[in-house]
Amino acid sequence: MKKGNLKEVTQKEKVDRINKVSKSFCLAKWTQVTLDLLHGTNHSCHHPKRHAIDEATVLTNPWALHNTAFKKEVREEMLRGIRPKECDYCWNIEDTPGEHYSDRIVKSLDPWSYPYFQDVLDCGSKGNYAPHYLEVMFDNACNFSCSYCLADISSSIKKEMQEFGPYPVQRSYHRMEDPEWKRSFKAKENPFVLAFWKWLPEIWDNLHVFRITGGEPLLSKHTYNVLNYCLDHPQKKLELAVNSNLGVERDRIERFLSLLKEINQKKAIKSFSLYASVDSVGAQAEYIREGLNYDTFLHNLQIFLESQTCEFITVMVTFSIFSLPKIDKLILEIEKLKKSFPNLILDMSYLREPEYLRANIGGSDLHGPMISALEIMDKSSVFDDFEKNKCRRIFNWLREEVDESERDSLRADFFGFVNEYDKRYKKSFLNIFPELKEFFIECKRARFLFGQKP
Ligand code: SF4
């Protein structure tokens with residue numbers, strides 16, 4: 001696929017060119033895709049709800065993994081200036097007063113999108129397009145059962161929910177398998193995975209970013225197959241990325257690193273980056289992410305940092321009510337590591353689902369560690385604006401007013417969830433989170449208020 005010669009064009013000219021096709025035209029609908037191969041779903045970009053891929057079609061035409069009949073209809077709408085309903089996320093932003101770009105523009109300007117402007121137009125709504133940004137979940141094999149995660153994403157949680165059923169909370173659908181995406185295959189092998197491996201050679205040279213998610217990717221044979229594929233098919237512009245909980249056995253880490261080293265020696269790809277998740281320190285981090293051993297996490301993180309195989313290692317913090325008491329300690333830990341390893345990046349986002357674990361169900365009396373965290377970051381020379389802004393944005397969100405009756409309803413669910421989670425995993429919330437004792441009593445009161453069993 002050829003690149004257009006568009007280097008000298010200014011940003012404004014690029015935006016005008018995108019809008020001239022139509023005010024609802026977005027290159028990401030062609031250039032980016034997230035595939036869940038376990039459930040046979042896809043979405044472009046990651047904002048719209050995922051939709052089902054047709055099983056029979058992909059067996060003969062693997063291009064339909066990305067270019068589904070539904071997506072082609074949406075592309076047609078975009079080309080005709082109709083706003084697709086599924087892209088509400090962007091229309092809401094574009095309809096708010098003031099000058100700002102939605103992700104429609106941001107993603108259309110990305111280096112893996114804009115250079116392919118003419119190719120996208122040539123493809124139109126009927127053709128099949130090879131994506132440049134590909135995110136894939138091969139399976140849900142996972143050794144963790146994190147408090148906020150789902151049965152669809154973690155095999156351990158799936159097992160838990162099959163054994164114990166839903167949590168005794170008002171929002172009991174959380175963590176359960178989503179019946180909408182349930183699939184049972186006639187054949188032994190997942191047809192979407194089979195189609196993917198047929199499709200990969202055809203799209204390989206067009207890829208800029210290939211990110212593997214899970215489950216826990218280091219437990220999936222497909223992750224190692226991708227690394228071997230990189231070795232056998234060097235692709236100089238490819239930025240490969242893998243998410244990991246860094247809680248797998250030593251031999252897997254070694255196998256993974258040894259393949260990465262080989263890839264680096266061969267200069268087979270442009271770069272590799274690791275995304276590792278942790279949300280607090282010590283026992284509190286272990287409570288949030290059932291299965292985590294905090295010392296092992298730090299040890300494995302250090303191994304990756306010292307291996308010099310990664311362009312970047314991003315520590316992803318999913319900030320929930322559980323992260324609040326020790327967020328300052330986590331920032332100190334990351335600061336210490338960043339001093340020796342500048343390629344370590346901190347990325348924080350606040351937990352949205354389930355709502356009853358959101359950090360803003362706590363009162364402002366719990367904000368102290370967050371204020372300290374911001375002070376540490378401001379004083380330190382190792383955090384950049386991206387990292388500080390992410391943390392500051394969470395603090396600003398935390399301080400926004402919440403509807404009291406909604407908050408009490410969430411606190412009631414928090415109490416119900418924690419008691420049950422403690423029972424299922426033989427934990428003791430109050431021993432591990434003494435800082436949240438008063439808050440927990442408030443939650444217990446709320447539970448009575450909503451007439452649920454304690
Ligand atoms: S319009 Fe917005 S939501 Fe839709 S694909 Fe583009 S970036 Fe994503």
Side-chain angles (χ1 to χ4, degrees), residues 1 4 6 9 11-36 39-53 63-137 180-181 203 206-211 213 239 241 347 349-350 352-353 386 390 393:
M1 208 170 275
L6 300 161
V9 181
Q11 167 131 326
K12 169 147 188 347
E13 284 169 328
K14 288 180 185 176
V15 175
D16 288 347
R17 190 169 180 237
I18 293 162
N19 283 334
K20 210 170 153 200
V21 175
S22 98
K23 287 277 181 67
S24 64
F25 176 57
C26 174
L27 288 156
K29 199 61 76 190
W30 284 257
T31 57
Q32 180 179 11
V33 65
T34 300
L35 290 173
D36 168 352
H39 301 97
T41 68
N42 103 22
H43 44 159
S44 298
C45 60
H46 61 285
H47 294 309
K49 191 174 174 261
R50 53 194 175 132
H51 64 273
I53 303 165
W63 286 84
L65 284 170
H66 171 39
N67 302 277
T68 58
F70 172 75
K71 198 176 287 177
K72 286 179 177 178
E73 280 171 26
V74 176
R75 289 173 180 167
E76 175 66 18
E77 286 180 349
M78 285 188 159
L79 291 169
R80 289 171 48 206
I82 299 165
R83 283 178 162 189
K85 175 87 190 67
E86 68 161 12
C87 294
D88 269 358
Y89 179 87
C90 282
W91 317 137
N92 289 338
I93 289 168
E94 292 188 13
D95 290 344
T96 52
E99 263 206 43
H100 41 246
Y101 289 140
S102 68
D103 266 8
R104 176 176 75 87
I105 298 297
V106 175
K107 284 176 180 287
S108 293
L109 292 178
D110 265 321
W112 39 265
S113 268
Y114 193 76
Y116 300 96
F117 192 101
Q118 194 53 49
D119 293 322
V120 166
L121 287 186
D122 292 347
C123 172
S125 63
K126 306 229 165 14
N128 287 326
Y129 197 82
H132 310 299
Y133 189 111
L134 172 68
E135 193 169 345
V136 177
M137 170 181 164
E180 190 179 349
W181 308 120
I203 62 166
N206 294 297
L207 289 175
H208 282 236
V209 180
F210 184 0
R211 183 162 170 175
T213 68
E239 296 169 31
D347 190 3
S349 51
Y350 69 83
R352 289 182 167 81
E353 298 283 342
F386 167 83
K390 280 259 181 159
R393 249 183 268 158

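Counting starts at 1 for both ligands and their atoms, following the listed order.
The ligand atoms of ligand 1 that sit less than 4.0 angstrom from a heavy atom of Arg104 are 1 (S), 2 (Fe), 7 (S). Heavy-atom contacts of Cys45 reach the following atoms of ligand 1: 3 (S), 5 (S), 7 (S), 8 (Fe) (cutoff under 4.0 Å). Close approach of ligand 1 to Lys107 is summarised as follows: ligand atoms under 4.0 Å from at least one heavy atom of the residue are 7 (S). Within ligand 1, the atoms closer than 4.0 Å to a non-hydrogen atom of Lys29 are 4 (Fe), 5 (S), numbered from 1 in the order shown. Set against the non-hydrogen atoms of Cys26, the atoms of ligand 1 under 4.0 Å away are 1 (S), 5 (S), 6 (Fe), 7 (S). Against a heavy-atom cut-off of under 4.0 Å, Asp103 is close to the following atoms of ligand 1: 7 (S).
Using a distance-only test at 3.5 Å, with no hydrogens or angles considered, no donor-acceptor pair links the side chain of Arg211 to the main chain of Tyr133.
Judged purely by distance below 3.5 Å, without hydrogens or angles, the side chains of Ser102 and Glu94 pair a donor atom with an acceptor atom. Looking only at atom types and distance, the side chain of Lys49 has no donor-acceptor partner in the side chain of His43 under 3.5 Å away. Looking only at atom types and distance, the side chain of Thr41 has a donor-acceptor partner in the side chain of Arg50 under 3.5 Å away. There is a side-chain donor-acceptor pair under 3.5 Å between Asn42 and Lys71.
Seen from the ring of Tyr101, Arg104 does not count as a face-on cation partner, given the 6.0 Å and 45° thresholds.
The only option from Arg17, Lys14, Gln11 that meets the side chain to side chain donor-acceptor pair (under 3.5 Å) definition with Tyr114 turns out to be Arg17.
Residue-level proximity to ligand 1 for Ser44 is carried by the backbone, the only part with a heavy atom below 4.0 angstrom.
Taking backbone and side-chain atoms together, His47 has no N/O/S atom less than 2.8 Å away from atom 2 (Fe) of ligand 1. Taking backbone and side-chain atoms together, Cys87 has an N/O/S atom less than 2.8 Å away from atom 4 (Fe) of ligand 1. At a cut-off of 2.8 Å, Cys90 is not counted among the residues with an N, O or S atom near atom 6 (Fe) of ligand 1.
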